[in-house]
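Residues take their numbers from the sequence shown, with the count starting at 1. These numbers come from a predicted model, not from an experiment.
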Amino acid sequence: MKTQSKKRITYSIIITVLTCLVLSIIVYYGRYFQNWLNSEYNSGKWFFIIGWFLLFAYYGICFFNLWQTNGKGRNYLFLFGIQFIAFAVYIISIYCFSAYILASISIVLSLISSFWLAIKLFKNKQYVIMSMIIALILFYFYCLLCGILYCSMEYGGWKN
């Protein structure tokens, strides 16, 4: 039993670090992220960098806990994977391509799969993990609000 737990911890850390590394490299070399990072008026560079790695640590904790409770007939990891992939598409579309419509669609997909996951966890009385997913849902709502705001500024009639 202890070796299974150690293996899951190790695999969770490896998967989280690799996804963080790959997504970090993709976003770092994005044209719009480089413009934002190198601008003089940006004061939140360290806040963004620290928050980025804390977010991935949080994803790793969620992944490990969902893996612990995942069993036959439960598709927790599948839903978590869908919402994470949709969030990765959101991050790439914002910071690499400045494609705000694609970002809004992908964050809505992430919200839907997160809601679905939270409901499944609530039905199976997994309240701690459900509250962790609800924190992600609140973060995704913030991202959706920012995406809609940026989209309206980029494509809206009041741009001129």
Side-chain angles (χ1 to χ4, degrees), residues 6-68 70 75-118 121 129 131-160:
K6 287 181 183 180
K7 279 185 181 180
R8 286 184 181 163
I9 290 172
T10 305
Y11 290 150
S12 297
I13 290 172
I14 290 171
I15 289 170
T16 304
V17 167
L18 287 177
T19 55
C20 179
L21 181 66
V22 168
L23 198 55
S24 297
I25 290 171
I26 291 170
V27 168
Y28 182 76
Y29 287 109
R31 185 177 85 196
Y32 295 99
F33 183 74
Q34 283 295 324
N35 290 342
W36 175 80
L37 188 65
N38 295 323
S39 67
E40 294 177 8
Y41 58 85
N42 182 11
S43 62
K45 294 175 188 175
W46 288 107
F47 178 74
F48 181 80
I49 291 170
I50 292 169
W52 179 260
F53 291 112
L54 288 176
L55 178 67
F56 273 94
Y58 192 77
Y59 274 127
I61 292 168
C62 289
F63 178 72
F64 174 73
N65 288 331
L66 287 172
W67 195 0
Q68 291 285 94
N70 201 33
N75 51 0
Y76 297 152
L77 290 178
F78 177 72
L79 289 172
F80 187 74
I82 287 177
Q83 65 93 18
F84 179 76
I85 290 170
F87 180 70
V89 169
Y90 167 80
I91 292 292
I92 292 170
S93 61
I94 289 286
Y95 289 117
C96 294
F97 304 120
S98 190
Y100 299 111
I101 294 174
L102 176 63
S104 298
I105 291 170
S106 64
I107 204 68
V108 166
L109 177 63
S110 189
L111 272 168
I112 290 170
S113 60
S114 296
F115 271 125
W116 193 4
L117 179 60
L121 289 168
I129 303 170
S131 63
M132 293 175 75
I133 298 299
I134 288 175
L136 285 176
I137 289 172
L138 294 174
F139 177 68
Y140 293 155
F141 268 124
Y142 170 75
C143 291
L144 178 64
L145 177 68
C146 290
I148 290 172
L149 181 67
Y150 292 147
C151 185
S152 66
M153 287 186 344
E154 182 74 22
Y155 306 116
W158 52 287
K159 178 183 176 187
N160 300 327

Please report the interatomic distance [atom1]([X]) to [atom2]([Y]), rounded to the nearest 0.5 Å.
X: F63; Y: M132; atom1: CZ; atom2: CE; answer: 13.0 Å
X: I129; Y: F64; atom1: CD1; atom2: CZ; answer: 10.0 Å
X: I94; Y: S104; atom1: CD1; atom2: OG; answer: 7.0 Å
X: I15; Y: T10; atom1: CD1; atom2: OG1; answer: 11.0 Å
X: F80; Y: C62; atom1: CZ; atom2: SG; answer: 5.0 Å
X: I91; Y: I107; atom1: CD1; atom2: CD1; answer: 7.5 Å

Give me the atom names and distance for the closest heavy-atom approach of [X] to [Y].
X: T16; Y: G60; result: OG1-CA, 3.2 Å
X: C20; Y: S24; result: O-OG, 2.5 Å
X: C96; Y: I26; result: SG-O, 3.3 Å

Answer whether the closest heavy-atom distance between the side chains of [X] and [Y] falls below 4.5 Å.
X: I92; Y: L23; value: yes
X: F97; Y: L102; value: no
X: I13; Y: V17; value: yes
X: I137; Y: F141; value: yes
X: L66; Y: L121; value: yes
X: L138; Y: Y142; value: no
X: F84; Y: L136; value: no
X: F115; Y: I133; value: no

Worksheet item: Do any N or O atoms from the side chain of S110 and from the backbone of S106 form a donor-acceptor pair under 3.5 angstrom?
Response: no
Discussion item. Tell me whether Y76 contacts the main-chain N or O of Q68 through its side chain, where contact means a donor paired with an acceptor under 3.5 Å.
Written reply: no
Worksheet item: So with a 6.0 Å cut-off around CH2 of W116, is the heavy-atom count from everything else above 12?
Response: no
Discussion item. Can you confirm whether or not the ring centre of F87 sits under 6.0 Å from the ring centre of F139?
Written reply: yes
Discussion item. Can you tell me which residue among Y58, F53, W52 is in a ring-ring contact (aromatic ring centres under 6.0 Å, His included) with F56?
Written reply: W52
Item to complete: Ignoring hydrogens and angles, state whether a donor on the side chain of S12 or W67 is under 3.5 Å from an acceptor on the partner side chain.
Response: no
